Structure formats: C-alpha cells, structure tokens
Amino acid sequence: MTTSPIRKILIANRGEIACRVIDTAQRLGIATVAVYSDADRDALHVRRADEAINIGPAEAKQSYLNQQAVLTAARETGADAIHPGYGFLSENADFARAVETAGLIFIGPPASAIRAMGLKDAAKAAMEKAGVPVVPGYHGDSQDPDFLAKKADEIGYPVLIKARAGGGGKGMRRVEHAAEFRSALESAQREGEAAFGDPACLIEKYISTPRHIEIQVFADAHGDAVHLFERDCTLQRRHQKVIEEAPAPGMTEAMRQKMGEAAVAAAKAIGYRGAGTVEFIADASAGLDENRFYFMEMNTRLQVEHPVTEMITGTDLVEWQIAVANGEPLPKTQDELAITGWAMEARLYAEDAEKGFLPATGTLHHLRFPADARIETGVAEGDSLSPHYDPIIAKLVVHGPDRETARLKLEQALEGTQIAGTVTNLGFLVRLIRDRAFVEGVMDTGLIDRELDQLTEATPPSPLAIALAAIQAAGFLDPAHGTDVWDRLTGFRLWGEAHRDVSLIHRNDPLRVRLTGTPEMGFTAHWGDHEVHLSCSTKTGGGLTVRADGHAFPASAAVHAGGVTVFVQGETTDFALPDPLQGSLETADHSDEITAPMPGTIKLVATAQGEAVEAGQPLIVMEAMKMEYTLTAPRNGTIATLNAGLGDQVADGAVLATLVPEEA
Ligand code: ADP
Ligand code: ADP
Ligand code: MG
C-alpha cells in the first residue's frame, strides 16, 4: 500500500455511490466525510461515514448542487480531497476549479478536460481533430431551423436531434421524416433549455441497429493513459441504461483494440486525468465491425456501471482514482491489464414498470439481498426512499467464467432479492434478462421499447402467492407467536372451527380465501375455483420452506402497514389487507389521529373539517404501491383538523386528520 497524502475525503454525493467511495476509503485507511441534505439525515451514507455534515434543504439545488455549501463543509471538517461521485457536481468544471482554488484535491479530471467534453458539439469537434471517428452529422454553431432542417436532409433520415448540453438521456429526439423535423427540434430545444439552461442542439445520423459500447479509460498526471476494455450498455430505456455487461458480446480483438486506442487518444487529446468513459455507438446491422463505431460523448467521471469493469479486470477503480489524485503513476500498464470472465450489472429502481416506470417512494419494510452477488446500495432495511432524488435502490453485480453463467447468476440474484414497502422494477429486470435476444447476445438499443408490452405486462398473482399471503395475513407465520407453524396449526384446530376466512386485496381486486388446516396435511386454501394445498416450515435463519405439489422451495412473507408482501419462486406480490390500520397498526383503534400508513397520494377526501363521523366511516382514500387504501374513522367523533388534499403526496406516518371523540 502507498503512503497517501490524501487523509480525509469529503464525498459530495449520496446514496450508493457515496457508500461505494466510503468502502474503498475505509479499506485504505482514509477518513470519510459525508454531506447530507435535510431529507438524508438518517441515510446510510451518513451512518457509514466517519463524520457527516448537513449542507442544506432536501432540494438538490440547495444542497448537493450547492458548491459553496460543499466547500464550506470540506473546510469545516478539514477534508483534503473531494470525491464528486456521479451526477450532481461531478461534471461541473467550475466546481472542479473551485475545489482546487480552495487548496483541495478534486478526485476527478482537470476543469479544462471537463469543459472540453461538457458540450457534445464542441466535444465532437475536438474528437474529429484527434482522429477519433464521430457520428456523422452537424455540430457547428448555427441554430437556424431552416439550416438545420437542410442539414438533416443531407445527413439522411432517421436523424437524432440532441441538446448539446444534454445528459441522462434528456433533450434527445429521434426523427423519422422531414415533416416532423421542426416540431422535434423545438421540443428538444425546450427540453435542453428547461433541463440544462441551453437550448442549442446538434443533429446526428441515427445509427441503425445501434449498440452502445463504451470504453473505460484512466489517465495519470504524468501523461500516461490506459483503457480497461469495453462495457456493453445496449439495454436502455429512453436512452438510459438498464443492464450493463463486460465484455461486449460479439466483440472482436481487432475492434476492441481499435476502440481502446481511440478512447485513449480521446483522453490524451484533452489532457485527461483520472477515470473517464468514452461512449461509442456501434452500427451492428451486420454484427460488430471495427469500421463502424463512432464517438458519442465522454463522461468525465466514474460511471454508474463501473463495477462490471472492476469485476473483469480485478481492479478497484476508486482506489485508482485516489492513487492518480495523489500524483502516483497508474497502478497498471496496458500490458498488465486483461479480461477475466464476464460481468453483468442490473440497476434496481423503485419504479412502477406497469405505469410507465413512474418513480416510487416508500419505506423499505423488508429488504433482503442475495449473498452471492455484489450489491452496491445506499439503503438498508427500514430506510425510506426520498422523492427528491434518483429512485435507485441498488445495483446487483455478478461475475462468472462466461456470459451465460453470469446471466444465470444475475437471474438468481434478482430472484433472491426481496423488497417490501415500495414497487420496484425487479419483475421487469427478470423478464429482460430472460429475453431471447438478450440471452443470445443479439441486441440493439431498441430491444426494450419493442418488447415493452411483454416486459411490463401485469401478471395475476400465482395461486401459491395468494395462499401464502392468506396464511401470513391470518398470523400463522408470525414469529411473535412461536416459530413452529405446526404448533400454530394445532392451536388453530383446537378452536373447534376448522377454517378461517382471510380477506386480501390484489390491485383493487378483493379476494376471500378460506384456510383449512390440519397438522398432517398442511393448509388448504380455497377461493373461487382455486384450491391449493401447501405446508410451510420456518427455516433457521429466517425465511420459509414451502411444500406444494411434491416440491419444496424457499419463500418469505412480510407484513407491514401496507399489507402483506410474499416472495415465492422469484416473484414479489403485494396484497393489501382491507383495513390496513387493523392489526398492523395497533394504536390505530384508540388513536384520535388518522395517519398515512405508508407514503402515497391522496385520491379522495370524503370528509370535511367539523363533520361528525361514525366509527368505520371512510374518510380518506390514498394510493400507494399500486393499491388503494381507505382510511376510516377510528371511532365516533368530529373531524377537528384535516391535512389532506386531493393529489397531495404524503409521507409515511403523516397525520392526515384528527378527531375529537364523541362524549361517552
Ligand atoms: P451513466 O452512464 O453513468 O449512467 P448517465 O449520463 O446516464 O451516465 O448519468 C449518470 C447519473 O447521473 C444518473 O444516474 C443521473 O442520476 C445523473 N445525471 C445524469 N444527467 C443528469 C442531469 N442532467 N441532471 C441531474 N442528474 C443527472
Ligand atoms: P446522454 O448524455 O444523455 O447520455 P448520449 O449522446 O450518450 O447522451 O446518448 C444516449 C443514448 O442515446 C446512447 O446510449 C444511445 O443509446 C443513443 N444514441 C445516441 N446517439 C445515437 C445515434 N447517433 N444513433 C443511435 N442512437 C444514439
Ligand atoms: Mg451518454
């Protein structure tokens, strides 16, 4: 190990990437400072850092994007370096300069290199000069719509209009025909202006059968640069990456070498230092071809998907960043770098795939990750997801000797992930990695869009999930009542009544499940025309073993204020209980407050201040986790205060109304 001049790093970020930087810093014996907004007081990155300092209100503009607040925090805590992570201030040249002006080390490239790549048009011009192949198109100064339309005709449709200041897939419009050009241009300009304060656009040829292949580069302060091979990020939705892998399927040694050299040339041309990614688009209409790849942009920071590169090269890129920031030479030469095996990463988000990938919030009542995958996360069980930031929950990263092994490992890792308390894209990810084109490695960036219906189709809950949810809702799996299900069943039977009816709601569909149980036979669950026989036993160390139809498999079930969530055969199914306040919130019956059982949206307010209400009367309907919940009056009384309006987003536990109880 090196004797490092950097002793204390302030991480100007949050979530998984802040935790990722903390991991390496701690391993290297470097102290860490977390910064946090008001919304992140109790966040994992705050808990994990050696010290933490508040930098302002929840809104990113006033905290994580507030350069002065970050610099002040660094000064106050005596940090000697700042790691910007990705997003936020990471690609802000002014910030990089301000850090250095303050006498601190910026763990990233020089401000001049960030600036050179900051605008896509100028970056392309610089790359053309450096001999790097760029996407054919127009990236000059003129913004005259007539002129740009003429350029689009010359380039040939389809074309892609891009806001030059764009990022994160924003400000891009694909145009098929000349007739649509003007309105698409206007809309890309508007989006560029709104998101980045810059309406200027460039026009590119839309590459057919596009594959996104990027090269990880690294440069040191002594003029040396290497590449750490490619990543394939072709699986995208709205130009945003969903699953990434390394190496790229179908990559030839000749093409890899040519792309690597182009990326290193790009880095050298702008005096780069540190970690960077050169993104290329490859025309895969006739397979990968070393003469058909084009520079798109360079991201002058650590990339979200950097772990797949670490897995195939056996490196720690954050450690490399710190070494380079300390002025050390690159830890390895090009000849010392080699690819071992195959790695894949999936981005797990709190978003509702069935509802157009609407970002979700929630409290992670139950959170289990598989043991045999690398998990990069910024949350732990019990944490809430803030509506203010990216709804990422975790990145799941796997490594295997070959692509198919890695793919199967990722499938297993996704199936082994259990989350209750928010909606996630888990089901979508599982379907995606089972997709035939992906399995065969013959994909392009349009794959997800083309197959979106199948990938996001709502599936009915499996009979096993329903039966298990009923057993859980009836309290038979509640560890508080003893861990042995058989004891519980015996007790159940001794009541004399040989069945119990359980009401469940799945996506607003009510279900009434009749449970019959005998210790010999396990449970029988009946509803409609369905009948399921199953038995469950609790496993040591948590979880259940479920037996049905002569098979035994692991399962799990969690009760929370929102209802019951069951995990069985790789699927997560949420059920609401008709009155979520009953049973799960013990104080509810006696309280004079009507509180939100989970974060959600107010759909209906059926009462008014001063109204006399009766116990059980529906007062407020809210929606969360795709389901509606009716909050009822806990007892007879008068509504004293009402804090819920139609469409309001409310937090977990928010007091929506208070009641003055009726005189007894
Ligand atoms: P990557 O290839 O690393 O995913 P992206 O350009 O998609 O690169 O962005 C990485 C992260 O940076 C995203 O997760 C997003 O949170 C953040 N980000 C990107 N662009 C913006 C932006 N314009 N404003 C705010 N955050 C952004
Ligand atoms: P951002 O800064 O938003 O990441 P990029 O220029 O990197 O913008 O483009 C984002 C994505 O859009 C790429 O990963 C690729 O899938 C697609 N894309 C960009 N340019 C082209 C092009 N010329 N032809 C086809 N697809 C493209
Ligand atoms: Mg990009």
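Order of listing sets the numbers, starting from 1, for every ligand and every atom in it. Not measured: the values here are computed from a predicted model.
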(request) State, to 0.1 Å, how close Asp383 and Gly378 come at their nearest heavy-atom pair, and which atoms those are. (result) OD2-O, 4.5 Å
(request) Look at Lys162 together with Glu191 and state whether they make a salt bridge at an N to O cut-off of under 4.0 Å. (result) no
(message) Under a 3.5 Å distance rule, please check whether Thr315 uses its side chain to pair with a backbone N or O of Leu317 as donor and acceptor.
(response) no
(request) With heavy atoms of Val135 as the reference, note each atom of ligand 2 found under 4.0 Å away. (result) 23 (N)
(request) Enumerate the atoms of ligand 2 whose separation from the nearest heavy atom of Lys162 is less than 4.0 angstrom. (result) 6 (O), 19 (C), 20 (N)
(request) Taking atom types as modelled, find out whether His306 and Arg20 have a side-chain donor-acceptor pair closer than 3.5 angstrom. (result) yes
(request) Specify which N/O/S atom of Glu297 comes nearest to the Mg ion (ligand 3), by atom name. (result) OE2
(request) Look only at interatomic distance and state if Ile207 has a nitrogen or oxygen under 3.5 Å from any nitrogen or oxygen of ligand 2. (result) yes
(message) Pairs of nitrogen or oxygen atoms closer than 3.5 Å, one from Thr445 and one from ligand 2: do any exist?
(response) no
(message) Looking only at N, O or S atoms in Glu279, which is nearest to the Mg ion (ligand 3)?
(response) OE1
(request) Ignoring angles and geometry beyond distance, decide whether Gly169 reaches within less than 3.5 Å of ligand 2 through its nitrogen or oxygen atoms. (result) yes
(message) In this structure, is the centre-to-centre distance between the rings of Tyr64 and Tyr389 below 6.0 Å?
(response) yes
(message) Out of Met172, Arg211, His212, who is nearest to atom 14 (O) of ligand 2 when you count heavy atoms only?
(response) His212
(message) Side chains of Gln321 and His83 only: does a donor on one sit below 3.5 Å from an acceptor on the other?
(response) yes
(request) With heavy atoms of Lys205 as the reference, note each atom of ligand 2 found under 4.0 Å away. (result) 22 (C), 23 (N), 24 (N)
(message) I'd like to know whether the aromatic ring centres of Tyr349 and Phe357 sit less than 6.0 Å apart in this structure.
(response) no
(message) Check for me whether Lys120 has a heavy atom closer than 4.0 Å to any atom of ligand 2.
(response) yes
(message) Pairs of nitrogen or oxygen atoms closer than 3.5 Å, one from Leu160 and one from ligand 2: do any exist?
(response) no
(message) Quick one: does any side-chain atom of Thr422 pair with a main-chain N or O of Thr361 as donor and acceptor, under 3.5 Å?
(response) yes
(message) Against the six-membered ring of Phe438, is Arg403 placed for a cation-pi contact (under 6.0 Å from the centre, within 45° of the normal)?
(response) yes
(message) Under 4.0 Å, heavy-atom basis, I'd like to know which part of Gln236 is in contact with ligand 2: side chain, backbone, both or neither.
(response) side chain
(message) What I want to know is whether Glu297 and ligand 2 share at least one N or O pair that is separated by under 3.5 angstrom.
(response) yes
